[in-house]
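Values in this document were obtained by computation on a predicted structure and should not be read as measured data.
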Amino acid sequence: MLPNTPEMVEAHYGIPMAGAVLNALNTRLDAGSIAFMLNHGEAKAIIVDREFASTVLAAIGQLGRPLPVIDVDDSVYDGPGAAIGELSYEAFLATGAPDFAWPQPADEWDAIALNYTSGTTGNPKGVVYSHRGAYTNAVSNVLVWAMPHHPVYLWTLPMFHCNGWCFPWTVAAMAGTHVCLRRVEAAAVFNAIREHRVTHFCGAPIVHSMLINAPEELKRGIGHRVSAMVAAAAPPAAMIEGMDRLGFDLTHVYGLTEVYGPATVCARQPDWAALDVGARAMLNGRRACATRCRKAWPC
């Protein structure tokens, strides 16, 4: 139960390397939903940022069984919340063996992660990610974005959402840098892009709209192109035009929890640059539109 902090990135490696399955929990859910996931997934332990301590404490109270808690006290968080476990994250790491020989998965189809989706009825639905599937999607991210070596990736997309579309593993595969962002706010995003020369980030349409509509003084001083990926419904023309004005190259994708995040992409064509923004918006949205409604083209 963590925001986009370094501990969350580490969990995407340390937990599978210990032979366990990572279940990244949606920090926006209530105690009842969290309790269901912990029981349904048969969680053996939980790592908790103290911002979400009260929710997790209430969830554990509904389990009917004890659950070891490892507390994370993020130095950049100054809000409410207290430790609820008997072991801190750093103390937990100190119990590890430096010469630990981490086991390879016995089968590439073994589970690496468990995610939950709200589905359409009843309780959340569990989705199991395999080592093979996570690897395939992580590499596909590189190919679709033509991502070069040493990218600087900004975490505006929650890592609890489809394991950050598998980008925790993509960035490492390309020897990149993770720029962690605890809370997505316009000032923090623009500051991080300037300070760290961020090259890539992903997010829902609301994130991109927030950046476009931010005060002009926040947007100044970015002198390099940034690759951005937007998911969900076809982006409106105003979003494409606004992101282009900011110096961001927008790629439109669509996906589901069941398919590791982004599954289809609208590959931009070179000759689209000569079209007006309305035509580009229509073309940029066709891939996701076809996925959502399954109508024959043209729509």
Side-chain angles (χ1 to χ4, degrees), residues 4 28 140-141 144-147 151-162 164-167 170 179 181 183-194 196-257 259 261-295 297-299:
N4 284 349
R28 301 165 185 165
S140 295
N141 289 337
V144 165
W145 234 347
M147 183 179 276
V152 180
Y153 185 89
L154 177 63
W155 276 107
T156 51
L157 172 72
M159 275 183 258
F160 65 67
H161 182 49
C162 308
W165 300 352
C166 293
F167 275 98
T170 296
V179 179
L181 193 62
R183 183 167 284 105
V184 179
E185 298 170 334
V189 170
F190 285 117
N191 287 341
I193 291 173
R194 279 188 293 267
H196 302 288
R197 291 192 61 82
V198 166
T199 59
H200 297 78
F201 74 90
C202 300
I206 190 173
V207 172
H208 297 84
S209 295
M210 175 190 68
L211 299 179
I212 292 168
N213 295 310
E216 290 302 318
E217 59 268 21
L218 295 182
K219 306 173 186 178
R220 299 189 185 111
I222 299 175
H224 64 285
R225 299 292 290 184
V226 179
S227 295
M229 195 174 282
V230 61
M239 180 181 294
I240 296 174
E241 186 177 18
M243 294 300 286
D244 188 70
R245 279 201 312 271
L246 289 177
F248 296 172
D249 297 320
L250 197 62
T251 298
H252 182 218
V253 299
Y254 178 79
L256 305 162
T257 306
V259 291
T264 61
V265 61
C266 184
R268 292 187 303 160
Q269 307 300 312
D271 56 355
W272 291 3
L275 301 176
D276 64 70
V277 67
R280 276 187 283 134
M282 185 273 293
L283 291 169
N284 208 7
R286 292 178 85 180
R287 177 62 63 189
C289 176
T291 305
R292 291 169 67 90
C293 68
R294 295 177 175 84
K295 291 180 180 178
W297 292 347
C299 295

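To the nearest 0.5 Å, atoms CG (Leu157) and CG (Leu154) are separated by 10.5 Å. Separation of atoms CZ (Arg197) and CD1 (Ile222) is listed at 10.0 Å; rounding is to 0.5 Å. Between the CG atom of Leu218 and the CD1 atom of Ile193 there is a distance of 11.0 Å, given to the nearest 0.5 Å. Interatomic distance, CZ of Arg245 versus CE of Met243, reported as 11.0 Å (0.5 Å rounding). With rounding to the nearest 0.5 Å, the separation of CD in Glu241 from CG in Leu250 is 12.5 Å. Atom-to-atom distance recorded for Phe167:CZ and Cys202:SG is 4.0 Å, nearest 0.5 angstrom.
Side chain of Asn4 to main chain of Thr156: no donor-acceptor pair is present (N/O by atom type, distance under 3.5 Å, no hydrogens or angles). Judged purely by atom type and a 3.5 angstrom limit, Thr199 has no side-chain atom pairing as donor or acceptor with the backbone of Val226.
Shortest non-hydrogen contact noted between Leu181 and Val184 is CD2-CA, 4.2 Å. Between Ala214 and Ala186, the closest heavy-atom pair is CB-CB, 3.8 Å. When all heavy atoms are compared, the tightest approach of Lys219 to Ile212 is NZ-O, 2.5 Å. Closest heavy-atom contact between Ser209 and Met239: OG-CE, 3.4 Å. Closest of all the heavy-atom pairs between Val179 and Ala192 is CG1-CB, 4.2 Å. Minimum interatomic distance between Asn141 and Trp165 (heavy atoms only, all atoms of both residues): ND2-O, 2.9 Å.
The ring-ring contact (aromatic ring centres under 6.0 Å, His included) contacts involving residues 202-244 comprise Phe201-His208, where partners must be two or more places apart or lie in separate chains.
The salt bridge (Lys or Arg N to Asp or Glu O under 4.0 Å) test applied to Arg194 returns no partner, not counting sequence neighbours.
Side chains of Leu211 and Phe248 form a contact here, defined as non-hydrogen atoms less than 4.5 Å apart.
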